[in-house]
*Asks:* 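One structure is given below, represented as structure tokens, and several questions about it will come after.
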Amino acid sequence: MASHLKAYTSDNGPLILDGGLATQLEAQGAHLQGDPLWSARLLQTNPQAIRDAHYRFLLSGADVVTTATYQASIPGFIRHMDVSSESARELLMSGVQLAKDSVRRFVSDGRPTEQRRPLVAGSVGPYGAFLHNGSEYTGAYAEEMSVEDLKVWHRSQVECLAAAGADLIAFETIPSLKEASALVELLREFPNSKAWLSFSCKDGRCISDGSPFTDAVQIANRSTQLVAVGVNCCCPAFVEPLLDYAGSLLSPDMSWVVYPNSGEEWDTQQGWLKSGKTSASIAELCNTWMNQGASLIGEINSFSSVLFSSIFSEKPLYPPGGCCRVSPAHIAEIRRQLRGSDASRASALQLD
């Protein structure tokens, strides 16, 4: 894996992540709202839909596809799908294989010459995602758990994703310092793996459990395996103050990963709801982020596509991106904005 990632060191442009996998799966006809396994259920019931979703994002210009394992766990599969422990492990690992299948198809079909061979990121959500009660946005559960408890919980997820050959591990929407510490410690058990660590945040200074974002960045700095730290699934307006607040603490060996959501609010019963608050558009916020030192920035409509700053550049880049509610068409537009690629690819996303 290290040699594969090293190929990106000569390109200081941002890596463009795929968009909201569940959003695309629902656009393809899947019914995921309210499901305790979310997209992960389709690993068993409709794996081809996941391959198709990955492929659409690759066609749109994504450099990284993220596995359908954010809400996947061995206990979750056993509880909600009535499978054995071994079958549950196989399901978790299949998330990587499905993404790799899509990458192989994309490459064999003849990817654009200017596009790098895509990477596969193994998604690991917080323990709160398993609880399916919205606590991934508060981190309240961590008060009753130890660092060791959280390491035990996440170990099988990371083990399966690493064994399946994920290029990177994506620790996403982490709401608490305790869980972040557990993940940083756990990552050392997999010395050949690289990862990024992104936090859910409640405002422009604090992650979801109320701890300062500066403390979160300092925890990330303890790891030599993390290639990026940042925020995801938070309000876009929070990004500028968060990066400004912690910018001086970012390790020179690390970059920012930034992919906020659309600014809508998530309700566990009703799904995504329009916020009553008026906020600046992504386009307006991009100018501000650029003034903070962003080398490459993209924007599109009221949603932003997902961007991952160049994880191997000498200087950290600060590009914005989008977490949920981002379609392949948004990714195609953001790639056109950043790389000058033909935006017509957005109209060519029909699968046979």
Side-chain angles (χ1 to χ4, degrees), residues 1-2 5-6 8-9 12 14-15 17 64 121-127 139 142 146-148 150-151 154-155 158 162 167-234 238-260 289 292-295 307-321:
M1 181 181 67
L5 294 177
K6 199 169 184 179
Y8 290 81
T9 58
N12 288 333
L15 294 176
L17 297 182
V64 182
S123 176
V124 175
Y127 177 67
S146 68
V147 168
E148 285 303 316
L150 290 163
K151 286 170 65 176
H154 285 295
R155 184 172 286 114
V158 178
D167 296 303
L168 292 161
I169 305 297
F171 297 124
E172 304 185 285
T173 326
I174 305 304
S176 73
L177 294 183
K178 186 181 290 184
E179 192 159 16
S181 294
L183 292 170
V184 166
E185 290 186 17
L186 178 62
L187 190 58
R188 297 189 191 118
E189 298 179 17
F190 304 89
N192 294 323
S193 295
K194 300 291 185 181
W196 77 69
L197 174 63
S198 61
F199 293 85
S200 61
C201 298
K202 62 185 296 185
D203 55 36
R205 291 179 69 87
C206 297
I207 64 173
S208 292
D209 73 350
S211 301
F213 182 56
T214 49
D215 290 352
V217 173
Q218 288 177 319
I219 287 175
N221 286 342
R222 299 174 189 168
S223 175
T224 59
Q225 293 169 255
L226 287 177
V227 295
V229 62
V231 300
N232 77 290
C233 213
C234 66
F238 295 165
V239 175
E240 177 198 353
L242 284 164
L243 298 189
D244 186 56
Y245 183 43
S248 64
L249 298 174
L250 186 68
S251 167
D253 298 323
M254 211 178 301
S255 296
W256 290 122
V257 55
V258 179
Y259 48 122
W289 297 337
Q292 288 182 278
S295 297
L307 297 179
F308 179 32
S309 63
S310 178
I311 57 179
F312 300 104
S313 60
E314 293 182 1
K315 297 181 180 179
L317 308 178
Y318 299 36

*Asks:* To the nearest 0.5 angstrom, please state how far the CG atom of Leu243 sits from the OG atom of Ser248.
*Replies:*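 If I round to the nearest 0.5 Å, the distance is 12.0 Å.
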*Asks:* Can you name the residues that form a salt bridge (Lys or Arg N to Asp or Glu O under 4.0 Å) with Arg222, not counting sequence neighbours?
*Replies:*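 By the salt bridge (Lys or Arg N to Asp or Glu O under 4.0 Å) rule, Arg222 matches no residue at all.
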*Asks:* The criterion is salt bridge (Lys or Arg N to Asp or Glu O under 4.0 Å); which residues satisfy it with Lys151, sequence neighbours excluded?
*Replies:*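 Partners of Lys151 under the salt bridge (Lys or Arg N to Asp or Glu O under 4.0 Å) test: Glu148, Glu185.
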*Asks:* Is the backbone N or O of Ala142 less than 3.5 Å from a side-chain atom of Glu179, with the two atoms forming a donor-acceptor pair by type?
*Replies:*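 Judged by distance alone, no pair lies under 3.5 Å.
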*Asks:* The criterion is side chain to side chain contact (heavy atoms under 4.5 Å, CB included); which residues satisfy it with Ala170, sequence neighbours excluded?
*Replies:*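 Side chain to side chain contact (heavy atoms under 4.5 Å, CB included) check on Ala170 returns Ala121, Glu172, Trp196.
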*Asks:* Using side chain to side chain contact (heavy atoms under 4.5 Å, CB included) as the criterion, list what pairs up with Ser223, not counting sequence neighbours.
*Replies:*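 Ser223: side chain to side chain contact (heavy atoms under 4.5 Å, CB included) contacts with Val184, Leu187, Gln225, Leu226.
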*Asks:* Work out which heavy atom in Ala180 is nearest to a heavy atom in Ile174; give both atom names and the distance.
*Replies:*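 Nearest pair, atom of Ala180 first, then Ile174: N-CG2, 3.9 Å.
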*Asks:* I'd like to know if the side chain of Asp253 reaches the main chain of Thr224, judged simply by a donor and an acceptor atom lying under 3.5 Å from each other, with no hydrogens or angles considered.
*Replies:*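 Not a single qualifying donor-acceptor pair exists.
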*Asks:* Minimum heavy-atom separation for Leu186 and Val158, please, with both atom names.
*Replies:*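 Taking every non-hydrogen atom into account, CD2-CG2, 3.9 Å.
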*Asks:* Which distance, rounded to the nearest 0.5 Å, do you find between the CD1 of Ile207 and the CG of Leu177?
*Replies:*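 Interatomic distance, Ile207 CD1 to Leu177 CG, rounded to 0.5 Å: 4.0 Å.
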*Asks:* For a quick test of reading the model, state the closest non-hydrogen atom pair linking Ser176 to Phe199 and the distance between them.
*Replies:*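 It is O-CE2, 4.3 Å.
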*Asks:* State, to 0.1 Å, how close Val229 and Leu250 come at their nearest heavy-atom pair, and which atoms those are.
*Replies:*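 The answer is CG1-CD1, 3.6 Å.
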*Asks:* By side chain to side chain contact (heavy atoms under 4.5 Å, CB included), which residues pair with Ser208, not counting sequence neighbours?
*Replies:*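 Once residues adjacent in sequence are excluded, the partners of Ser208 under the side chain to side chain contact (heavy atoms under 4.5 Å, CB included) criterion are Pro175, Ser200.
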*Asks:* Considering all heavy atoms of both residues, which atom of Tyr245 and which atom of Gly204 are nearest to each other, and what is their separation?
*Replies:*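 Closest heavy-atom pair between Tyr245 and Gly204: CB-O, 4.5 Å.
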*Asks:* Quick one: side chains of residues 212-219, donor-acceptor pairs under 3.5 Å with protein atoms, not counting sequence neighbours, listed by atom name and distance.
*Replies:*
none

*Asks:* For Val231 and Cys201, which heavy atoms make the closest approach, and how far apart are they?
*Replies:*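 Shortest heavy-atom contact: CG1-SG, 3.5 Å.
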